[in-house]
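Below: the structure, in C-alpha cells.
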Amino acid sequence: MIQWKDLSTVQQLDDIAQDSQIHVIFKHSTRCSVSSMAKRSLEYSAVLLPPDYSLYYLDLIRYREISNMISEKWQIHHESPQILVIKGDECLYYASHGDIEMADIIKFIS
C-alpha cells in the first residue's frame, strides 16, 4: 500500500523545493475516472517502492491553487492526473494520464 502524504499547503511546496531529497507528487482529480485509474495503477505497483517511502498526494479539486503553484515553480504544464519527480528546484521527470507508471518513477527513488 502506498503511504500517501497529503499535499495541502504552500509551506510543504517550499519545503520540497528547498530539500535535496527526491519527492514524488501525484496530482489527482477526484472527479476524473482516468485519474482514478492512474491512482489505482500506482497503488497496485506499490510493492516496487522502498519500504516506508511516501508519495505526496494533491487533491486538485480541493487545492487547485497549489497545483497552479507547482506548475509555476517547476515550469511544468498542468495536467490531470499527473506525476512529478522533484529534487529541489528541478523537476526530474513528469508524466500524465496513461503514461503514469510506477516502473518509470521507481528509477529515481531506488
Side-chain angles (χ1 to χ4, degrees):
M1 190 76 186
I2 292 181
Q3 296 180 36
W4 295 109
K5 279 196 269 187
D6 287 332
L7 180 53
S8 58
T9 69
V10 173
Q11 182 61 54
Q12 287 174 294
L13 283 185
D14 291 342
D15 292 346
I16 290 168
Q18 294 173 11
D19 194 354
S20 63
Q21 300 296 314
I22 301 284
H23 297 278
V24 178
I25 300 172
F26 177 63
K27 295 168 53 178
H28 174 58
S29 172
T30 56
R31 296 181 187 156
C32 173
S33 61
V34 173
S35 194
S36 293
M37 288 184 344
K39 183 177 182 273
R40 218 174 351 224
S41 174
L42 290 172
E43 289 172 339
Y44 287 142
S45 303
V47 296
L48 299 173
L49 288 170
D52 300 323
Y53 193 86
S54 300
L55 276 66
Y56 282 97
Y57 170 90
L58 176 63
D59 178 340
L60 292 173
I61 304 303
R62 195 165 176 201
Y63 298 107
R64 180 58 193 236
E65 71 281 357
I66 293 177
S67 177
N68 293 341
M69 293 179 81
I70 289 170
S71 296
E72 185 177 312
K73 187 177 287 278
W74 285 285
Q75 299 298 301
I76 301 298
H77 178 73
H78 164 76
E79 295 188 73
S80 170
Q82 188 173 49
I83 195 100
L84 301 100
V85 178
I86 304 292
K87 183 174 183 181
D89 61 358
E90 185 179 0
C91 181
L92 303 175
Y93 173 83
Y94 66 95
S96 67
H97 297 84
D99 292 333
I100 297 173
E101 297 285 337
M102 184 67 79
D104 295 329
I105 300 159
I106 203 72
K107 297 172 190 173
F108 295 94
I109 57 177
S110 57

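Below, all heavy atoms of this structure are taken into account, side chains as well, without hydrogens, waters or symmetry copies.
Atoms CD1 and CD, from Ile70 and Glu65 in turn, are 10.5 Å apart once rounded to the nearest 0.5 Å. Interatomic distance, Leu49 CG to Glu43 CD, rounded to the nearest 0.5 Å: 11.0 Å. In this structure, Leu42 CG and Leu48 CG are separated by 10.5 Å, a value rounded to the nearest 0.5 Å. For the atom pair CG of Leu55 and CD1 of Ile109, the computed distance is 6.0 Å after rounding to the nearest 0.5 Å. Note: Ile66 CD1 to Ile25 CD1 = 10.0 Å, rounded to the nearest 0.5 Å.
Residues Tyr56 and Val24 do not share a hydrophobic cluster, defined by chaining ILVMFWY side chains whose heavy atoms lie under 4.5 Å apart. Under the 4.5 Å side-chain heavy-atom criterion for ILVMFWY residues, a single connected hydrophobic cluster contains both Tyr63 and Ile16. No chain of hydrophobic side-chain contacts below 4.5 Å, direct or via other Ile, Leu, Val, Met, Phe, Trp or Tyr residues, connects Ile83 to Ile86. No path of Ile, Leu, Val, Met, Phe, Trp and Tyr side chains, each step under 4.5 Å between heavy atoms, connects Val85 with Tyr94, placing them in separate hydrophobic clusters. Note on Ile22 and Ile2: same hydrophobic cluster, where clusters join Ile, Leu, Val, Met, Phe, Trp and Tyr whose side-chain heavy atoms are under 4.5 Å apart, directly or indirectly.
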Side-chain donor-acceptor pairs under 3.5 Å in residues 6-13, sequence neighbours left out?
residue	atom	partner	partner atom	Å
Thr9	OG1	Gln12	N	3.1
Thr9	OG1	Gln12	OE1	3.2
Gln11	NE2	Asp15	OD1	2.7
Gln12	OE1	Ser8	N	2.7
Gln12	OE1	Thr9	N	3.0
Gln12	NE2	Asp6	O	2.9

Side-chain donor-acceptor distances from residues 97-108 under 3.5 Å, at least two apart:
residue	atom	partner	partner atom	Å
His97	NE2	Ser80	O	3.1
Asp104	OD2	Tyr93	OH	3.4

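Shown here are the side chain to side chain contact (heavy atoms under 4.5 Å, CB included) partners of Cys32, two or more places apart in sequence or in another chain: Ser29, Val34, Ser35. Under the ring-ring contact (aromatic ring centres under 6.0 Å, His included) criterion, Phe26 pairs with Trp4, His28, not counting sequence neighbours. Annotation: ring-ring contact (aromatic ring centres under 6.0 Å, His included) contacts of Tyr53 (sequence neighbours excluded): none.
Around CG of Asp89, the count of heavy atoms belonging to other residues, nucleotides or ligands within 6.0 Å does not exceed 12. Within 6.0 Å of OH on Tyr57 lie more than 12 heavy atoms contributed by other residues, nucleotides or ligands. The environment of Lys87 atom NZ is sparse: at most 12 non-hydrogen atoms of other residues, nucleotides or ligands sit within 6.0 angstrom. At most 12 non-hydrogen atoms from other residues, nucleotides or ligands lie less than 6.0 angstrom from CD of Glu72.
Between the side chains of Ser71 and His78, no donor-acceptor pair of N or O atoms lies under 3.5 Å. Using a 3.5 Å distance cut-off with no hydrogens or angles, the side chains of Lys27 and Ser67 do pair a donor with an acceptor.
Here Met37 is tied to no hydrophobic group at all, with no ILVMFWY side chain closer than 4.5 Å.
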Side chain to side chain contact (heavy atoms under 4.5 Å, CB included) between Leu60 and Arg31, worked out: CA-CA 9 Å; Leu60 292 173; Arg31 296 181 187 156; over 6 Å; no
Give the intermediate values and the outcome of side chain to side chain contact (heavy atoms under 4.5 Å, CB included) for residues Ile76 and Gln82. CA-CA 10 Å; Ile76 301 298; Gln82 188 173 49; 3.5 Å; yes
